[in-house]
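Nothing here was measured: the structure is a model prediction, and the numbers come from that model.
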Amino acid sequence: MNYTQEKIRNIAIIAHVDHGKTTLVDAMLRQSGIFRANQQVAERVMDSNDLEKERGITILSKTTAVMHDGYRINIVDTPGHADFGGEVERVLRMVDGVLLLVDSFEGAMPQTRFVLKKALELDLKPIVVVNKIDRSDGRPTEVLDEVLDLFIDLGASEEQLDFPVVYASSREGFAMERLDKPNDDLQPLFEMIIDKVPYPQGQQDAPLQMLISNIDYDEYVGRIALGRIARGTLHAGETLSLCKKDGTNMPVKSNKVYIYEGLKRIETETASVGDIVCISGLGDIQIGETICALDQIDPLPVIEVDEPTISMNFLVNNSPFAGKEGKFVTSRHLRDRLMKELETNVSLRVEETDSADCFKVSGRGELHLSILIETMRRGGYEFQVSKPQVIFKDVDGQKLEPVEQLIIDVPEEFVGPVMEKLGTRKAEMMNMHAPVGGYTRMEFRIPSRGLIGYRSEFLTDTKGNGIMNSILDGFEPFKGDIETRSHGSLIAFEDGESITYGLYNAQGRGRLFIGPGEKVYQGMIVGENAKSDDLVVNVCKKKQVSNMRASGSDEALRLTPHAIMSLENCLEFIADDELVEITPNSIRLRKSILNNDERARQRNKK
């Protein structure tokens with residue numbers, strides 16, 4: 001069914017990680033009658049990616065549509081983490097309003113600020129949804145005041161400050177306009193979207209114009225362009241003009257046109273102004289290009305995405321175990337995969353280096369790059385990565401570095417250790433709030449360099465009770481050297497298999513990363529030294545067999561359980577002269593120079 005322009009509403013849901021936006025979309029889909037009464041529906045149905053389900057976060061923005069009282073409401077579910085801000089920036093151009101979701105206890109968090117700032121700059125109509133009001137520790141009134149302060153800080157206009165508010169529980173599936181007016185469904189939210197969000201503007205009878213905001217891929221039809229029609233009407237099978245980023249134009253044909261209905265794409269013959277559509281058959285398309293009518297070539301402005309802040313080198317695996325576990329191991333495989341990622345990941349940059357086996361990859365943060373690494377690893381790729389490095393800017397001869405706003409919530413007894421550690425990492429305290437529910441909130445400005453490797457220390461210092469969130473907050477003059485790691489590495493002495501006896505002797509030197517029976521090679525990092533320098537240990541050492549026996553010496557050796565290192569832990573741990581070896585089955589740490597004698601010679605040269 002085609003809807004008239006006035007009957008379409010396009011909205012994006014923006015929120016901090018884990019504030020319940022994907023759960024809210026679930027509830028809206030259920031209550032709009034998209035699913036059959038007996039249909040089995042998974043939780044967080046919009047998080048379709050395996051990594052999204054495992055981590056409980058949204059990585060890729062997705063579109064769905066619900067029908068309510070004769071209106072089509074196109075909903076875009078956006079990532080809550082700033083590292084995926086490139087996704088958010090481009091999808092906001094497809095909508096006319098935003099639902100700003102905030103947790104009734106946590107309030108407005110850094111990522112909320114980031115996306116809201118973008119939405120206000122585009123003059124989108126905001127609706128504030130105070131979510132999780134069924135929480136026993138909720139404080140919806142204070143949170144609403146915090147949101148108002150946030151709008152004022154971001155320079156919102158008088159009209160934007162007069163935002164409508166809905167109180168909701170995504171999990172329970174209800175919303176209400178006032179706390180003293182209980183309700184058992186989302187009807188007030190649907191009504192507010194229809195009443196407050198403007199319908200799409202544009203001339204229906206004018207020549208076609210549409211910006212490609214996203215790209216999908218289908219094995220049968222190839223690349224699919226996703227975007228919102230800004231002007232005119234689109235027909236399946238018509239010949240159009242594709243305006244490339246370099247200023248050239250080429251004729252293309254729209255084989256099939258799809259619109260969203262619930263979670264499915266429905267084929268349609270025509271679509272017009274305001275519809276969010278998918279088009280197949282356009283060939284080699286890129287995000288940010290414009291599709292126009294042949295008789296009026298009028299490209300829209302290219303989407304400008306914030307520049308990357310962190311880079312790391314992706315290298316071909318050259319360890320002794322290279323090629324044993326991965327399916328794609330050569331530099332050609334690595335290059336092709338990274339270039340393919342560029343087609344859909346707009347905030348990523350890939351540069352070739354002097355070496356054919358090394359590529360410099362830049363992204364918006366550690367999580368952005370670690371998700372790429374994990375996706376490649378699961379796809380059968382085998383490679384190595386270096387320590388993440390921040391990207392400096394040179395403005396008028398002055399060296400500038402990225403600075404982040406850091407918000408930390410910790411129990412009162414851990415405030416001292418956290419402030420002490422952050423002080424050594426050049427953090428500057430901006431604010432400190434009185435404890436709420438036993439937790440103190442502190443706000444800092446800290447160089448991005450200071451945060452690399454801090455998260456695991458933070459969890460140790462707060463015994464797992466601390467919560468930290470950060471977001472890029474501009475560039476400032478270089479703040480001097482920062483010591484980010486106070487411990488050295490325990491390095492394997494020789495190739496072989498780790499033995500309990502060798503590990504027992506090594507565990508007194510620090511924290512181990514491997515257990516008995518694991519294959520190791522010379523130069524592989526097997527643990528963290530308690531002291532600041534590196535130490536070579538022989539974890540393959542066997543007990544010498546003799547016919548002499550002594551009381552007690554033959555008792556079973558007890559090993560302390562070794563630390564299990566995730567990909568993020570490894571990226572935080574490594575130093576400048578170390579690498580992370582990534583294979584489909586294993587994640588190993590190693591020195592760039594494996595030979596112990598060669599490493600010693602290099603150290604003496606310095």
Between Asn313 and Gln384, a side-chain donor and acceptor under 3.5 Å: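 The criterion, which ignores hydrogens and geometry beyond distance, is not satisfied for Gln384 and Asn313.
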- prompt: Are a donor atom and an acceptor atom from the side chains of Thr290 and Gln209 found within less than 3.5 Å of each other?
  reply: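 No, Gln209 and Thr290 have no side-chain donor paired with an acceptor closer than 3.5 Å.
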How long is the gap from [atom1] on [X] to [atom2] on [Y], to the nearest 0.5 Å?
| X | Y | atom1 | atom2 | value |
| --- | --- | --- | --- | --- |
| Asp357 | Asn318 | CG | CG | 8.0 Å |
| Lys7 | Asp69 | NZ | CG | 8.5 Å |
| Asp275 | Leu234 | CG | CG | 9.0 Å |
| Ile212 | Ile224 | CD1 | CD1 | 12.0 Å |
| Thr270 | Glu238 | OG1 | CD | 10.5 Å |
| Arg364 | Leu369 | CZ | CG | 11.5 Å |

message: Just checking Tyr381 against Phe328, ring centres under 6.0 Å apart?
response: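 Ring centroids of Tyr381 and Phe328 are less than 6.0 Å from each other.
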- request: Take His68 and Gln187 through the side-chain contact (heavy atoms from CB on, under 4.5 Å) test and state the conclusion after the steps.
  value: CA-CA 9 Å; His68 186 81; Gln187 185 71 15; 3.2 Å; yes
Please tell me if the side chains of [X] and [Y] come closer than 4.5 Å, counting only heavy atoms from C-beta onward.
| X | Y | answer |
| --- | --- | --- |
| Met94 | Leu211 | no |
| Leu579 | Val385 | no |
| Val95 | Leu124 | yes |
| Ser254 | Leu240 | yes |
| Arg72 | Val66 | no |
| Tyr260 | Leu226 | yes |
| Asp103 | Asn131 | no |
| Ile133 | Met176 | yes |

Residues in side-chain contact (heavy atoms from CB on, under 4.5 Å) contact with [X], at least two apart in sequence or another chain:
| X | answer |
| --- | --- |
| Glu172 | Asp134, Ser169, Phe174 |
| Ala206 | Gln203, Arg231 |
| Met339 | Arg335, Leu342, Val350, Glu352 |
| Ser362 | Pro308, Ser311, Arg349, Glu351, Lys360, Ile391 |

Under the side chain to side chain donor-acceptor pair (under 3.5 Å) test, residues paired with [X] that sit two or more places apart:
| X | result |
| --- | --- |
| Thr330 | His333 |
| Asp185 | Asn183 |
| Thr248 | Asp246 |
| Ser566 | Asn569 |

- prompt: Can you list the steps and then say if Lys125 with Ile11 is a side-chain contact (heavy atoms from CB on, under 4.5 Å)?
  reply: CA-CA 9 Å; Lys125 178 71 180 175; Ile11 59 161; over 6 Å; no
What are the two closest non-hydrogen atoms of [X] and [Y], and how far apart are they?
| X | Y | value |
| --- | --- | --- |
| Ser272 | Gln204 | OG-NE2, 3.6 Å |
| Ser241 | Asn249 | OG-CB, 3.7 Å |
| Asn10 | Pro200 | ND2-CG, 3.8 Å |
| Val129 | Ala168 | CG1-CB, 3.8 Å |
| Ala271 | Val257 | CB-CG1, 4.4 Å |
| Ala119 | Ile14 | CB-CD1, 4.5 Å |

- request: Could you check Phe314 against Phe359 for ring-ring contact (aromatic ring centres under 6.0 Å, His included), going step by step and ending with a plain yes or no?
  value: CA-CA 5 Å; Phe314 281 48; Phe359 302 90; 8.7 Å; no
field: ring pair (Phe, Tyr, Trp, His ring centres under 6.0 Å) partners for Tyr167, two or more places apart
entry: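 For Tyr167 there are no ring pair (Phe, Tyr, Trp, His ring centres under 6.0 Å) partners, ignoring immediate neighbours.
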message: So, using ring pair (Phe, Tyr, Trp, His ring centres under 6.0 Å) as the criterion, who are the partners of Tyr199 when residues are at least two apart?
response: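 Result, ring pair (Phe, Tyr, Trp, His ring centres under 6.0 Å) vs Tyr199: none returned.
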message: Could you walk me through whether Ile73 and Ile75 satisfy the side-chain contact (heavy atoms from CB on, under 4.5 Å) test, starting with their C-alpha distance in whole Å, then the side-chain angles of each, then the deciding distance to 0.1 Å, before giving a yes or no?
response: CA-CA 6 Å; Ile73 303 172; Ile75 304 168; 4.0 Å; yes
task: Starting from the C-alpha separation in whole Å, work towards a yes-or-no answer on side-chain contact (heavy atoms from CB on, under 4.5 Å) for Leu282 and Ile291.
output: CA-CA 9 Å; Leu282 299 179; Ile291 297 166; 3.3 Å; yes
- prompt: Under 6.0 Å from the CZ atom of Arg171, do we count more than 12 heavy atoms belonging to anything else shown?
  reply: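 At most 12 heavy atoms, drawn from other residues, nucleotides or ligands, come within 6.0 Å of this atom.
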Acceptor/donor pairs from residues 154-163 side chains to any protein atom, 3.5 angstrom cut, sequence neighbours excluded:
unit_1 : atom_1 : unit_2 : atom_2 : d
Ser157 : OG     : Gln160 : N      : 3.2
Ser157 : OG     : Gln160 : OE1    : 3.4
Gln160 : OE1    : Ser157 : N      : 3.0
Gln160 : NE2    : Leu120 : O      : 3.3
Gln160 : NE2    : Asp123 : OD1    : 3.3

query: Which is it for Thr583 and Glu382 under the side chain to side chain donor-acceptor pair (under 3.5 Å) test, yes or no, and what are the steps along the way?
result: CA-CA 4 Å; Thr583 74; Glu382 188 176 303; 5.3 Å; no
- prompt: With Asp96, which of Arg9, Lys196, Arg228 fulfils salt bridge (Lys or Arg N to Asp or Glu O under 4.0 Å)?
  reply: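 So the option named by the test is Arg228.
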message: Quick check on side chain to side chain contact (heavy atoms under 4.5 Å, CB included): which of Lys256, Lys253, Met210 does Ile279 satisfy it with?
response: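 Running side chain to side chain contact (heavy atoms under 4.5 Å, CB included) over Lys256, Lys253, Met210 with Ile279 returns exactly one hit, Met210.
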query: Who pairs with Glu581 by salt bridge (charged side-chain N to carboxylate O under 4.0 Å, His left out), at least two apart in sequence or on another chain?
result: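 Partners of Glu581 under the salt bridge (charged side-chain N to carboxylate O under 4.0 Å, His left out) test: Arg588.
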query: Just by distance, do the side chain of Thr353 and the backbone of Cys358 share a donor-acceptor pair under 3.5 Å?
result: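 Present.
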